[in-house]
There are 2 protein chains.
Amino acid sequence: MISQASFRTHPSPLESGLHLDGKRMTPQRKKVLSLFEEIGSGIHLSAEEVHSKLTSTGDKVSLATIYRTLRLLVKMTFLNELDLSEGGNRFELLSHDHPDHHHLICIRCGRTEEFENNEVINAGEVAAKNFGFKLLESSLNVRALCPICINK
Amino acid sequence: MISQASFRTHPSPLESGLHLDGKRMTPQRKKVLSLFEEIGSGIHLSAEEVHSKLTSTGDKVSLATIYRTLRLLVKMTFLNELDLSEGGNRFELLSHDHPDHHHLICIRCGRTEEFENNEVINAGEVAAKNFGFKLLESSLNVRALCPICINK
DNA sequence: AGCGTATTGAGAACTGCTTGCAACTTGTAA
DNA sequence: TTACAAGTTGCAAGCAGTTCTCAATACGCT
Ligand SMILES: [Mn+2]
Ligand SMILES: [Mn+2]
Ligand SMILES: [Zn+2]
Ligand SMILES: [Zn+2]
C-alpha cells in the first residue's frame, strides 16, 4: 500500500519566500509567475497584458489581483518593473545572468530591444557617490524609431 | 509730439516662434515661460506646481491651459519634459549650455540632482545604431536615497 | 477538521492628464 | 480703426492606469 503522505513535493522558491513572511501561496500568484517563467526573459508585459493572457486560457483572475501580485513579485525580486514611459508600466522576469540591462524603445510601435553597457552602470554609481546618495537602481531608456517605423 | 506707433517692441523668441506657425501669443503662454526663465535651469516642476505658482500670485490660468502650454513649449524646444517616474512628469527650462544631462532622484523626498556623462550619451547612440534605430532621446534616471533620507 | 488571518473579486475611487465645446482673444486685412 | 476668421481659454466631462474598500473565500498551522 502506497502512503499518500510520502509525496511531499519540494516547495518552490515562490512558496518558500512567501511563507518566510507569513504570506500564502495562491493559484493566482503561481499563475502570474509561471506566465513570466514560461514566456522567458526579455519580454516586457503590462498589467493588462498579463491579465488578458491569463484570462484567455480560461483562468479567472481579477485585474486588481494582477496589480497586487505584480507589486509583490517585484518586492520579492522575481520580477523587475520598467517605466518605459509609453502607456503603463511593464514587468519582466528578473534573470540573474542578465540583471542590469537597458532598453531601446520605438516610440511608434513599441518594439523594445535590450542592451547592456557597463559604462552606464558605472555612471550611475559615480553620480550617486558624488552626491552622497545610496544607489537603488539606475535605468537608461533610449527613445527612438525602429527601422520599420522610420520611413512612414 | 511723440508718435505711439513708433514703439514697436522686438518680438520675443516665443512670440516669433508662435507667429511662424500661425499660433498666437497669449498672456498665459508668456507667464508659463517667464516662470521657468525666472526660476532658472536645474529646477524641475510638475504641471500642478506650475499651476499653483502662477495662481498664487493672483494670476488666473486653468490647469488645462497649463498642460496645453507645457506641451507646446516642449514642442517648441523651450522646455524639456522629464519622466522621473515619481508622480507626474516634470518640466525644466532647456538650457543650451547644459543640454544632455541626467538625473539622480531621491525616491523618498524627491530631491533631484543633475549630472552629465558622455559615456551615457554615447551608450544610447551606440545602442540605437546597433539595432538600426533612429535615436530621438536618451535619459538615465538614477533612483537612490539622499543623505538625509538614508538614516530614517 | 477547525480557526485565525491572508487573499480575492468587484467595483468605487483616485491621479495625472486630455478633450469637447461655448465664450473669448488675437493678428491681420480692409 | 474696425471687422472678422481662426486660434485659445476655462470648465467640466472623460480617460487610462492603478489603488483601495470590504465582504466573501481560501490557506495553512495545530
Ligand atoms: Mn528588459
Ligand atoms: Mn534637469
Ligand atoms: Zn517601430
Ligand atoms: Zn531624500
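Chain identifiers are assigned alphabetically (A, B, ...) following the order of the sequence lines, protein sequences preceding nucleic acid strands; residue numbering begins at 1 within each chain. For the numbers below, each heavy atom of this structure counts, side chains included, while hydrogens, waters and symmetry mates do not.
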Between [atom2] on [N] and [atom1] on [X], what's the gap in Å once rounded to a whole number?
X: A:L70; N: C:dT8; atom1: CG; atom2: P; value: 12 Å
X: A:D21; N: D:dG28; atom1: CG; atom2: C1'; value: 15 Å
X: B:L82; N: C:dG16; atom1: CG; atom2: P; value: 16 Å
X: B:K31; N: C:dT25; atom1: NZ; atom2: P; value: 12 Å
X: B:E86; N: C:dG16; atom1: CD; atom2: P; value: 12 Å
X: B:L72; N: C:dT19; atom1: CG; atom2: P; value: 14 Å
X: A:I66; N: C:dG11; atom1: CD1; atom2: C1'; value: 17 Å
X: A:R29; N: C:dT8; atom1: CZ; atom2: C1'; value: 10 Å

Contacts of A:R90 meeting salt bridge (Lys or Arg N to Asp or Glu O under 4.0 Å) (sequence neighbours excluded), chain-then-number -> A:E49
B:D100 meets the salt bridge (Lys or Arg N to Asp or Glu O under 4.0 Å) criterion, sequence neighbours left out, with none
Minimal heavy-atom distance between A:S138 and A:H102, with the atoms involved, is O-CE1, 3.8 Å
Fellow cluster residues of [X], listed by chain then number, with links counted only when side-chain atoms sit under 4.5 Å apart:
X: A:V126; result: none
X: B:I105; result: B:L82, B:L84
X: B:V142; result: A:L104, A:F115, A:V120, A:F131, A:F133, A:L135, A:L140, A:V142, B:L104, B:F115, B:V120, B:F131, B:F133, B:L135, B:L140

OP1 or OP2 of D:dG10 versus the side-chain N and O atoms of B:Q28: is any pair under 4.0 Å?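 Yes, such a contact exists.
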Exercise. If only side-chain N and O atoms of A:S62 are considered, is one of them under 4.0 Å from the OP1 or OP2 phosphate oxygen of C:dA10?
Worked result: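 For A:S62, the contact criterion (side-chain N or O under 4.0 Å from OP1 or OP2 of C:dA10) is not met.
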Its contact letters, B for base, S for sugar-phosphate only and - for none at protein heavy atoms under 4.0 Å, make nucleotides 13-24 of chain D read ----SBBBB---
Kindly give the atom pairs (protein nitrogen or oxygen, nucleotide nitrogen or oxygen) under 3.5 Å for nucleotides 27-30 of chain C.
from   : atom 1 : to    : atom 2 : distance (Å)
C:dG27 : OP1    : B:H19 : NE2    : 3.0

Computed from five pairs at either end and rounded to 10 degrees, the angle between the axes of the helix from C:dA1-D:dT30 to C:dA30-D:dT1 is 30°
Per-pair distances, 0.1 Å, donor-acceptor, side chain in residues 32-45 of chain A, under 3.5 Å, sequence neighbours excluded:
from  : atom 1 : to     : atom 2 : distance (Å)
A:S34 : OG     : A:K30  : O      : 2.8
A:H44 : NE2    : A:E92  : OE1    : 3.0
A:H44 : NE2    : A:H103 : NE2    : 3.0
A:H44 : NE2    : A:E114 : OE2    : 2.9

With A:S62 via side-chain hydrogen bond (donor to acceptor under 3.5 Å, both in side chains) - residues at least two apart: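 With neighbours one apart ignored, the set is A:T65.
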If the condition is side-chain hydrogen bond (donor to acceptor under 3.5 Å, both in side chains), which residues does B:N89 pass it with, not counting sequence neighbours?
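B:N89 satisfies side-chain hydrogen bond (donor to acceptor under 3.5 Å, both in side chains) with B:E81 once adjacent residues are dropped.
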| task | Before giving the answer on side-chain hydrogen bond (donor to acceptor under 3.5 Å, both in side chains), spell out for A:D59 and A:T57 the whole-Å C-alpha distance, their side-chain angles and the decisive distance to 0.1 Å. | result | CA-CA 6 Å; A:D59 293 315; A:T57 67; 3.1 Å; yes
Contacts of A:I107 meeting side-chain contact (heavy atoms from CB on, under 4.5 Å) (sequence neighbours excluded), chain-then-number -> A:E86, A:R143, A:L145, B:L136
